Enquirer: 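So that we are looking at the same thing, I have put the structure below in structure tokens.
Keep in mind that this is a model prediction, so the values were computed, not measured.
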Amino acid sequence: MAAVATCGTCTGSPGSTVAAASKNNVTSFQRRGPRASGSDSGYSRLVSIAGTRPSVRNGQLLVSTGLPALDQLLGGGLAVGTVLLIEEDKYNIYSPLLFKYFLAEGIVNGHTLLVASAKEDPADILQELPAPLLDDNCKKEFDEDVHNHKTPESNIKMKIAWRYQLLPKMEAGPVSSSRFGHYYDLSKRIPQELIEASKWHRFFLPEKISSTFNVEPCSLTHGYKRLLQFIQNIIYEEGFDGSNPQKKQKNILRIGIQSLGSPLWGDDICCTENCDNSHSLTKFLYILRGLLRASLSACIITMPTHLIQNKAIIARVTNLSDIVVGLESFIGSERETNPLYKDYHGLIHIRQIPRLNNLICDVSDVKDLAFKLKRKLFTIERLHLPPDLSDTVSRSGKQDLAESAKLLGPGCGMMAGGEKHLDF
């Protein structure tokens with residue numbers, strides 16, 4: 001009788017197989033994973049969901065935000081059960097694009113959508129989603145768009161400092177080997193057939209308002225309360241919570257909430273510093289995050305944080321969010337006409353990334369990020385400021401360059417700052 005090797009303990013990663021084969025090629029151990037039951041583990045079931053993948057860092061299930069460059073900055077994607085907060089730019093021009101990318105990615109992957117808004121009808125929002133680039137024309141469309149907005153290679157090497165070439169490059173174009181996350185053409189709208197084939201739920205606040213409803217003191221506003229009830233019903237009734245398993249193949253619920261905290265939601269945090277409902281928004285986020293943690297869902301929220309008068313509320317909102325991304329547009333500022341920033345439309349700030357499986361809040365060390373809106377694509381790139389020796393930079397421009405280098409950190413424009421000593 002052939003001897004079979006055994007092992008008393010297994011310290012491998014979740015889903016790893018430790019076994020030895022006998023003559024009949026039968027293993028002594030079955031594949032194991034978190035919450036395993038028999039031969040079918042929870043890990044294997046989660047991986048089978050379309051449009052998801054496990055994180056290489058902690059095994060957390062991830063979905064794409066619809067923007068591969070943003071996925072890269074967040075550690076591979078948006079973790080299921082988390083909240084992504086988008087701080088809207090001043091004129092709310094670019095933040096809706098990230099919102100639409102997230103929803104379009106859900107439609108392409110067959111995920112269930114829940115779209116909530118107090119301003120626009122969710123049905124109209126879906127009609128404005130960008131068209132996916134799913135075929136062989138994806139690479140062609142990207143190369144064409146880059147070629148129309150590309151500076152000659154010789155000029156780039158002359159203008160960019162040598163230290164920039166040592167930094168890791170951002171993923172900007174389609175990668176043929178990657179099937180997680182898609183690219184979209186902003187000049188075209190998503191086909192109507194994809195919208196009709198998808199499953200989505202709409203929450204339009206003006207249709208939910210009742211004139212006979214009385215808000216109790218120190219409670220949630222009417223809009224927040226109705227939205228929480230709506231989200232809770234969808235999660236429980238369609239089996240996204242796990243207590244009532246989905247009968248068919250498991251799926252992901254993508255929740256998109258537009259301009260939360262604005263006066264249209266019945267909140268006054270954007271109107272006065274000493275508002276009556278100062279804790280209403282934080283209570284909403286606290287309850288929402290509890291719902292998400294115990295369900296197969298991911299949420300993206302856009303919020304006009306630049307209008308919130310009380311900075312303490314912004315701090316509480318940040319702490320109750322898992323990921324915080326801020327957009328700073330150059331429109332209406334001095335940087336719009338400054339030649340230093342002529343190749344960009346704004347800055348993107350990764351203020352907070354998820355604190356999964358740890359007790360501290362991680363902060364991204366990448367501070368030199370900018371975005372630009374091309375004809376077909378919204379791209380995130382590393383901000384490259386011209387060196388101090390450039391003839392095209394005036395004296396005032398050099399001063400702005402030095403100030404920008406201090407704000408952006410050591411990875412960008414260090415040569416222009418003129419610093420000779422290091423501070424420890």
Enquirer: What's the shortest heavy-atom distance between Ser280 and Tyr224, and which atoms?
Expert: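 What the structure gives for the nearest pair is OG-CD1, 3.3 Å.
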
Enquirer: Can you confirm if the NZ or CZ of Arg226 lies within 45° of the ring axis of Phe203 and under 6.0 Å from the centre of its six-membered ring?
Expert: no

Enquirer: Side chains of Phe371 and His345, heavy atoms from C-beta outward: is any pair under 4.5 Å?
Expert: yes

Enquirer: So, for Ala298 and Ala79, which heavy atoms are closest and what is the spacing to 0.1 Å?
Expert: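 It is CB-O, 4.4 Å.
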
Enquirer: State the CD1-OG1 distance between Ile234 and Thr112, to the nearest 0.5 angstrom.
Expert: 9.0 Å

Enquirer: Do Glu334 and Asn338 have side-chain atoms, one donor and one acceptor, less than 3.5 Å apart?
Expert: no

Enquirer: Could you tell me if the side chain of Ile195 sits less than 4.5 Å from the side chain of Gln127, heavy atoms only?
Expert: yes

Enquirer: Side chains of Arg289 and Leu320: closer than 4.5 Å at any heavy-atom pair?
Expert: yes

Enquirer: Taking the six-membered ring for Trp, are Phe378 and Tyr94 parallel (under 30°), tilted (30 to 60°) or perpendicular (over 60°)?
Expert: tilted

Enquirer: Hey, could you give me the OG/CG distance between Ser95 and Asn92, rounded to the nearest 0.5 Å?
Expert: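 Rounded to the nearest 0.5 Å, the OG-CG separation comes out at 4.0 Å.
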
Enquirer: Working to the nearest 0.5 angstrom, can you tell me the gap between Ile86 CD1 and Ile257 CD1?
Expert: 13.0 Å

Enquirer: Between Ser321 (side chain only) and Ile323 (backbone N and O only), is there a donor and an acceptor less than 3.5 Å apart?
Expert: no

Enquirer: Between Arg202 and Asp121, is a salt bridge (Lys or Arg N to Asp or Glu O under 4.0 Å) present by the stated rule, with each step listed?
Expert: CA-CA 8 Å; Arg202 61 190 291 269; Asp121 192 327; 2.9 Å; yes

Enquirer: To the closest 0.5 Å, what do you measure between SG (Cys299) and CG (Leu260)?
Expert: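 That separation rounds to 8.5 Å.
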
Enquirer: Looking only at heavy atoms, what is the nearest atom pair of Leu113 and Gly106, with distance?
Expert: CD2-CA, 4.1 Å

Enquirer: Dump the intermediate steps for side chain to side chain donor-acceptor pair (under 3.5 Å) on Asp267 and Thr221, then the final yes or no.
Expert: CA-CA 7 Å; Asp267 206 336; Thr221 63; 5.8 Å; no

Enquirer: For Leu288 and Leu228: C-alpha separation, side-chain torsions, deciding distance, then whether side chain to side chain contact (heavy atoms under 4.5 Å, CB included) applies.
Expert: CA-CA 7 Å; Leu288 174 64; Leu228 281 175; 4.2 Å; yes

Enquirer: Closest approach of Leu78 and Phe102, non-hydrogen atoms and distance?
Expert: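 What the structure gives for the nearest pair is CD2-CE1, 3.7 Å.
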
Enquirer: Decide yes or no for Tyr344 and Leu369: does some side-chain heavy atom of the first lie under 4.5 Å from some side-chain heavy atom of the second?
Expert: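 No; the side chains remain at least 4.5 Å from each other.
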
Enquirer: Given Ser259, which of Lys119, Glu120, Glu88 fulfils the side-chain hydrogen bond (donor to acceptor under 3.5 Å, both in side chains) condition?
Expert: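 Going through the options one by one, the only one that passes is Glu88.
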
Enquirer: Let me see the working for Leu373 and Leu97 under side chain to side chain contact (heavy atoms under 4.5 Å, CB included), right down to the final yes or no.
Expert: CA-CA 10 Å; Leu373 179 60; Leu97 296 179; 3.8 Å; yes

Enquirer: Output the distance between atom CD1 (Ile348) and atom CD (Glu87), rounded to the nearest 0.5 Å.
Expert: 11.0 Å

Enquirer: Does any non-hydrogen side-chain atom of Leu103 lie less than 4.5 Å from one of Trp200?
Expert: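 Answer no - side chains too far apart.
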
Enquirer: As an exercise, state the distance from CG of Leu264 to CG of Leu205, rounded to the nearest 0.5 Å.
Expert: 8.5 Å

Enquirer: Applying side chain to side chain contact (heavy atoms under 4.5 Å, CB included) to Thr318 and Arg351, what does each step give before you reach the verdict?
Expert: CA-CA 9 Å; Thr318 300; Arg351 307 195 190 280; 5.7 Å; no

Enquirer: Do the ring planes of Phe230 and His201 sit parallel (below 30°), tilted (30 to 60°) or perpendicular (above 60°)?
Expert: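 Rings of Phe230 and His201: perpendicular, over 60°.
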
Enquirer: Looking at every heavy atom in both His111 and Ile252, which two are closest together, and how far apart are they?
Expert: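 Where His111 meets Ile252 most closely, the heavy atoms are CB-O, 3.4 Å.
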
Enquirer: Could you give me the CA-CA distance, side-chain angles and deciding distance for Val83 and Ile301, then say whether side chain to side chain contact (heavy atoms under 4.5 Å, CB included) is met?
Expert: CA-CA 7 Å; Val83 178; Ile301 299 175; 3.8 Å; yes

Enquirer: For residues Tyr184 and Val108, report the shortest heavy-atom separation together with the two atoms involved.
Expert: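 Nearest heavy atoms, Tyr184 then Val108: OH-CG2, 3.7 Å.
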
Enquirer: Of the options Arg189, Lys100, Lys188, which is the one that meets Glu128 in a salt bridge (charged side-chain N to carboxylate O under 4.0 Å, His left out)?
Expert: Lys100

